[in-house]
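In this chain, residues are counted from 1 in sequence order.
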Amino acid sequence: YTLSLHDALPICFPVTISPGEEFVPAGFLEFSALYRTEIWNQKIFSIIVENYANLPFEKVSVPSRLNYLKNQPNNLKYAVTSMPRKLISVMSRSIAPILNKFSHDTDALLISTYLPRWVELFLQVKLKQFPIFRFYEPVINLAPDLKLRKKVLKHKSRGSNWQSFLKTMIQKGIPTCYLEGYKELKSKAFSAGWPTNPKFIFTSNSFDSHEPFKAYTAELVEKGIPYIIGQHGANYGTSFYKFSERHEIKTSDRFLTWGWKNHEKQVHPAFAFPFIFCKKNIAKKTGNLLLVQKQGGHRTSPWDEFHLLKKYLEDQFLFTKKLKKKIFRQTIVRLSSSNLFNDWSEETHWRNRFPELKIDQGFQDINKLVKKSRLMVFSFISTGFLEALYRDTPVILFFNLKDYPLRPESRPFFKSLQEAEIFFTSPFQAAKKVNEVWEKIETWWNKTNTKVAKEKFKKQYVNKNEKPITEIKKLLLLEK
């Protein structure tokens with residue numbers, strides 16, 4: 001939270017805002033919706049202007065937190081429980097007590113594992129427990145108690161302005177479920193029918209925004225219950241800056257990767273959980289070129305996300321401009337759906353440069369586009385790129401190594417892809433390769449050196465396993 005809270009530049013604003021209630025998120029999911037909004041950042045600017053700038057200002061009122069979120073684009077509404085989510089939650093709560101009767105207190109807890117559902121069921125049978133799907137509970141939505149916050153999170157005004165500001169923002173920004181609602185959060189976690197003394201806890205995602213899970217896990221980890229995290233998506237083991245990876249490894253007893261290993265004892269190489277038994281994609285010989293875009297950052301990093309996005313988009317435009325006319329006419333640009341709420345106007349930039357280009361806004365299932373494509377191009381290391389390699393889908397990757405550096409240990413594997421002309425560091429080189437192989441994709445993709453490079457990379461970063469259920473059981477139980 002503090003990284004985003006501190007992302008307020010010391011710029012003087014003559015107008016400050018006074019929301020109808022403090023903009024305190026209920027939990028991480030709502031926080032991830034709020035911090036993308038201009039009003040969240042303007043609230044931080046307001047605190048700086050009012051307390052540290054010594055400038056005159058005018059204060060204006062804005063809507064309350066939930067009312068503001070409800071009026072945001074659709075992708076933000078997941079932070080405010082929608083009717084489908086409420087219905088799923090009601091159904092889950094009604095089914096859970098019946099299923100939990102077949103559960104035992106020592107059963108392992110598997111939740112949001114990233115394994116296919118049927119694999120998760122068979123894994124539970126292998127673990128000699130009744131197969132149960134665990135359900136999410138919504139976070140409790142409480143109004144912040146400002147008096148309680150000042151009392152519990154009080155701070156003295158000593159230190160630099162930065163230290164004082166940070167303490168103020170912790171007081172104002174910590175989610176209500178961690179303070180006002182923590183007792184209820186724990187109660188909700190331990191009344192969900194989950195095992196009270198599990199063999200282990202395994203997840204690949206719940207640590208992020210599932211608040212009852214966090215309370216449950218924190219309590220049991222203190223009692224010595226093994227806590228295991230599985231890799232969630234791309235950039236793990238490859239990107240120089242992957243802050244969440246550090247946290248996940250440090251807080252877990254074991255961290256299961258999709259194939260890579262490093263010096264840390266918690267890290268155990270496994271395989272790519274989500275793609276187990278995924279079928280090979282057959283490229284459509286007369287299909288399109290699918291250019292997949294990364295999402296623009298939104299003030300969540302200690303560097304200038306907007307500057308990086310501008311450079312990134314220029315590389316995309318250079319790549320597109322260098323395509324042959326025939327290929328250009330068959331190109332579809334797939335935007336990230338986050339374009340809707342990050343407010344960087346990527347679609348507008350694309351249409352200004354290439355009015356006739358086909359653009360997908362990122363809401364439809366990407367597999368529908370893949371089936372109609374003969375070649376995919378990714379301009380960032382994404383889960384989609386790893387899945388394409390796993391499924392042997394013809395794909396090209398390009399990005400600027402200066403702006404998106406790799407870890408030293410991953411460079412030899414990308415070097416192999418580069419030598420096989422799958423990975424490029426220049427948009428011109430990538431476009432040149434697309435133009436060269438467009439009419440002979442299959443020949444290029446099945447060349448011996450290309451196959452060798454693909455297999456070397458896949459074994460390290462998107463590994464396969466012929467007996468995934470047996471293997472994951474061994475890793476979870478530390479069996480030999």
Side-chain angles (χ1 to χ4, degrees), residues 233-235 238-239 241 287-301 303-364 366 369-370 372-389 393-406 414 417-418 421-438 441:
N235 290 299
T238 58
S239 295
Y241 302 110
N288 300 313
L289 175 69
L290 182 60
L291 176 58
V292 184
Q293 299 289 280
K294 74 187 293 289
Q295 68 176 46
H298 192 87
R299 292 175 286 217
T300 56
S301 302
W303 51 77
D304 188 343
E305 295 274 12
F306 184 56
H307 173 69
L308 275 185
L309 180 64
K310 286 201 298 183
K311 289 180 68 179
Y312 170 83
L313 284 175
E314 282 304 319
D315 279 350
Q316 306 311 298
F317 300 151
L318 288 171
F319 168 84
T320 306
K321 188 177 180 180
K322 290 296 179 180
L323 294 174
K324 290 180 178 179
K325 288 184 179 179
K326 179 182 178 181
I327 302 173
F328 177 85
R329 288 193 293 269
Q330 290 180 264
T331 297
I332 297 175
V333 174
R334 162 84 170 194
L335 300 178
S336 167
S337 59
S338 68
N339 172 58
L340 181 69
F341 55 75
N342 274 351
D343 200 29
W344 294 138
S345 306
E346 288 102 317
E347 183 178 358
T348 301
H349 290 303
W350 273 102
R351 295 202 184 281
N352 286 342
R353 291 291 187 102
F354 307 103
E356 66 277 30
L357 191 65
K358 301 183 190 75
I359 295 176
D360 176 84
Q361 292 185 321
F363 295 106
Q364 69 166 308
I366 193 172
L369 296 174
V370 174
K372 296 177 182 178
S373 303
R374 75 172 83 177
L375 179 63
M376 298 179 73
V377 176
F378 283 87
S379 48
F380 63 111
I381 307 170
S382 74
T383 306
F385 171 70
L386 296 181
E387 182 178 357
L389 284 178
T393 305
V395 63
I396 279 176
L397 172 69
F398 78 91
F399 60 87
N400 183 340
L401 284 174
K402 290 183 179 179
D403 293 334
Y404 304 98
L406 297 170
F414 281 88
L417 291 185
Q418 198 169 7
E421 297 185 294
I422 295 172
F423 168 54
F424 300 88
T425 59
S426 157
F428 300 108
Q429 294 170 345
K432 181 180 177 182
K433 189 63 182 178
V434 172
N435 290 335
E436 176 192 321
V437 303
W438 186 247
I441 298 287

Checking side-chain hydrogen bond (donor to acceptor under 3.5 Å, both in side chains) for the pair Gln316/Gln293: CA distance, chi angles, key distance, verdict?
CA-CA 9 Å; Gln316 306 311 298; Gln293 299 289 280; 2.9 Å; yes
Just say parallel, tilted or perpendicular for the rings of Phe423 and Phe414, cut-offs at 30° and 60°.
perpendicular
Any heavy-atom pair between the side chains of Phe399 and Leu406 that's under 4.5 Å?
yes
CD1 (Ile396) and CD (Gln429) are apart, to the nearest 0.5 Å, by 11.5 Å
Could you check whether any side-chain heavy atom of Leu313 comes within less than 4.5 Å of a side-chain heavy atom of Trp350, counting everything from C-beta outward?
yes
Nearest non-hydrogen partners of Trp438 and Gly287, listed with the distance
CZ2-O, 3.6 Å
Separation between CG (Leu290) and CZ (Phe378), nearest 0.5 Å, reads 7.0 Å
Side-chain contact test, heavy atoms from C-beta onward, threshold under 4.5 Å: evaluate it for Leu308 versus Tyr404 and give yes or no.
yes
Leu389 side, atom CG; Leu397 side, atom CG - distance, nearest 0.5 Å
8.5 Å
Would you check if Pro427 and Phe317 make a side-chain contact, meaning some heavy-atom pair closer than 4.5 Å?
no
For Ile441 versus Arg374, what's the shortest heavy-atom pair and its separation?
CG2-O, 3.7 Å
When rounded to the nearest 0.5 angstrom, what is the spacing between CG in Leu335 and CG in Asp360?
7.5 Å
Heavy-atom pair of closest approach, residues Gln364 and Arg334:
O-NH1, 2.7 Å
Is it true that atom NZ of Lys310 has more than 12 heavy atoms of other residues, nucleotides or ligands lying nearer than 6.0 Å?
no
Taking only residues two or more places apart in sequence, or in another chain, which ones meet Phe398 in a ring-ring contact (aromatic ring centres under 6.0 Å, His included)?
Phe319
Tell me if the centroids of the rings in Phe354 and Phe328 come within less than 6.0 Å of each other.
yes
Tell me if a side-chain donor or acceptor on Asn400 pairs with a main-chain N or O of Lys402 at a distance below 3.5 Å.
yes
Distance (rounded to the nearest 0.5 Å) between Ile381 CD1 and Asn235 CG:
5.5 Å
Could you go through Lys311 and Glu314, starting from their C-alpha distance and side-chain angles, then the distance that decides it, and tell me whether this counts as salt bridge (charged side-chain N to carboxylate O under 4.0 Å, His left out)?
CA-CA 5 Å; Lys311 289 180 68 179; Glu314 282 304 319; over 6 Å; no
Could you name each residue pair satisfying side-chain hydrogen bond (donor to acceptor under 3.5 Å, both in side chains) that touches residues 320-330, not counting sequence neighbours?
Lys326-Glu439
Measuring from atom CG of Leu417 to atom CZ of Phe424, what distance do you get when rounded to the nearest 0.5 angstrom?
10.5 Å
Under 6.0 Å from the ring centre and within 45 degrees of the ring axis: does the NZ or CZ of Lys294 meet both conditions for the six-membered ring of Tyr312?
yes
Heavy atoms only: give me the nearest Ser337-Gly362 pair and the separation to one decimal.
CB-O, 3.6 Å
Compare every heavy atom of Leu369 with every heavy atom of Ser373, then report the nearest pair and how far apart it is.
OG-O, 2.7 Å
Minimum-distance pair of heavy atoms, taken over all atoms of Leu375 and Val395:
CD1-N, 3.8 Å
